[in-house]
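Notes to accompany the following structure.
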Amino acid sequence: QVQLVESGGGLVQPGDSLRLSCVVSGGTFDRYVMGWFRQAPGKEREIVARIMWIGESTYYADSVVGRFTISRNNPKNTLYLYMNNLNFDDTAVYYCAAGRGVVPVTTAGGFDYWGQGTQVTVSS
């Protein structure tokens with residue numbers, strides 16, 4: 001059984017930084033396309049960033065380009081999201097996701113496994 005566990009969320013002020021982590025167990029991490037999604041209250045879940053198997057290709061939502069960086073450490077079965085210059089619109093529950101597909105998907109339907117989410121709140 002594949003399990004994803006996120007950590008690193010919290011309450012921060014505008015302009016602050018956070019690093020989210022996602023540890024994957026029960027599967028072959030380097031065979032998964034990995035992604036970060038987020039869902040704000042009253043809004044649909046949206047992709048934040050996606051990274052291919054060995055990090056050779058990444059994708060970012062327009063709203064986070066230049067501020068967020070996705071990376072992975074395959075020997076540690078861990079996915080990261082470095083978030084800089086956070087703003088109020090970044091407030092959401094952030095989810096880690098793993099996909100078994102072979103295409104660079106950017107929609108939630110393209111991912112097979114999900115974590116429970118970690119809350120990120122940006123407030124002054």
Side-chain angles (χ1 to χ4, degrees):
Q1 182 178 358
V2 179
Q3 291 188 323
L4 290 70
V5 179
E6 303 99 332
S7 61
L11 174 63
V12 296
Q13 294 184 334
D16 284 353
S17 299
L18 275 178
R19 185 189 77 169
L20 304 183
S21 300
C22 172
V23 178
V24 179
S25 61
T28 307
F29 181 71
D30 61 5
R31 293 186 181 180
Y32 297 132
V33 176
M34 298 298 300
W36 287 101
F37 288 75
R38 67 186 181 187
Q39 188 166 17
K43 295 186 177 181
E44 294 186 355
R45 190 170 299 190
E46 62 176 2
I47 190 166
V48 175
R50 184 263 296 139
I51 189 168
M52 300 303 286
W53 306 284
I54 58 173
E56 69 274 28
S57 173
T58 57
Y59 166 87
Y60 295 94
D62 289 343
S63 59
V64 307
V65 168
R67 299 189 300 122
F68 291 11
T69 302
I70 188 171
S71 67
R72 63 193 297 163
N73 185 324
N74 286 351
K76 293 186 176 182
N77 292 350
T78 304
L79 177 74
Y80 301 100
L81 184 68
Y82 297 85
M83 305 186 294
N84 296 316
N85 194 21
L86 286 159
N87 59 54
F88 298 123
D89 291 338
D90 296 318
T91 295
V93 177
Y94 283 71
Y95 297 91
C96 169
R100 297 174 296 174
V102 296
V103 295
V105 293
T106 57
T107 58
F111 291 82
D112 302 288
Y113 308 106
W114 293 83
Q116 81 289 348
T118 185
Q119 177 71 48
V120 173
T121 302
V122 183
S123 175
S124 57

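Scanning all heavy atoms of the two residues, the minimum distance from Ala92 to Ala40 falls at CB-N, 3.8 Å.
Side chains of Leu86 and Phe68 form a contact here, defined as non-hydrogen atoms less than 4.5 Å apart. Taking 4.5 Å as the limit, some side-chain heavy atom of Tyr94 sits within range of a side-chain heavy atom of Thr118. Contact check for Leu20 versus Glu6: no side-chain heavy atoms found under the 4.5 Å cut-off. At least one side-chain heavy atom of Leu11 sits under 4.5 Å from a side-chain heavy atom of Ser123.
Under a hydrophobic clustering in which Ile, Leu, Val, Met, Phe, Trp and Tyr are joined whenever their side-chain heavy atoms come within less than 4.5 Å, directly or via other members, Val12 and Phe88 fall into the same cluster. The hydrophobic cluster containing Ile70 also contains Val65, counting ILVMFWY residues as joined when their side-chain heavy atoms lie under 4.5 angstrom apart, directly or transitively. Grouping the Ile, Leu, Val, Met, Phe, Trp and Tyr side chains by contacts below 4.5 angstrom, directly or via other members, places Ile47 apart from Val120. Val93 and Phe111 fall within a single hydrophobic cluster, where Ile, Leu, Val, Met, Phe, Trp and Tyr side chains are chained together by heavy-atom contacts under 4.5 Å. Grouping the Ile, Leu, Val, Met, Phe, Trp and Tyr side chains by contacts below 4.5 angstrom, directly or via other members, places Met52 with Val105.
Judged as a salt bridge (Lys or Arg N to Asp or Glu O under 4.0 Å), the pairs with a partner in residues 103-121 (not counting sequence neighbours) are, in order, Arg100-Asp112. Applying the side chain to side chain donor-acceptor pair (under 3.5 Å) definition to pairs two or more places apart or across chains, those involving residues 77-88 are Ser17-Asn84.
Between Trp114 and Phe37, the gap from one ring centroid to the other is short of 6.0 Å.
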Candidate pair Ser57 and Arg50, rule side-chain contact (heavy atoms from CB on, under 4.5 Å), full reasoning
CA-CA 8 Å; Ser57 173; Arg50 184 263 296 139; 3.6 Å; yes

Assess whether side-chain contact (heavy atoms from CB on, under 4.5 Å) is satisfied between Met34 and Phe29, documenting all intermediate values.
CA-CA 9 Å; Met34 298 298 300; Phe29 181 71; 3.9 Å; yes

In sequence, state the C-alpha distance, the side-chain angles, and the governing distance for Leu79 and Ile51, and then conclude on side-chain contact (heavy atoms from CB on, under 4.5 Å).
CA-CA 9 Å; Leu79 177 74; Ile51 189 168; 3.7 Å; yes

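Only one option out of Leu18, Val122, Val48 pairs with Met83 in a side chain to side chain contact (heavy atoms under 4.5 Å, CB included); it is Leu18.
Between the side chain of Trp53 and the backbone N or O of Asp30 there is no donor-acceptor pair closer than 3.5 Å.
Ring geometry for Tyr32 versus Tyr113: interplanar angle over 60°, hence perpendicular rather than tilted (30 to 60°).
With sequence neighbours left out, the salt bridge (Lys or Arg N to Asp or Glu O under 4.0 Å) criterion links Arg19 to no other residue. The side-chain hydrogen bond (donor to acceptor under 3.5 Å, both in side chains) search around Thr121 returns Gln119, not counting sequence neighbours. Checked against side-chain hydrogen bond (donor to acceptor under 3.5 Å, both in side chains), Asn74 has the following partners two or more places apart in sequence or in another chain: Arg72. Under the rule for a salt bridge (Lys or Arg N to Asp or Glu O under 4.0 Å), the partners of Arg38 that lie at least two apart in sequence or sit in another chain are Glu46, Asp90.
More than 12 heavy atoms of other residues, nucleotides or ligands sit less than 6.0 Å from atom CD of Glu56.
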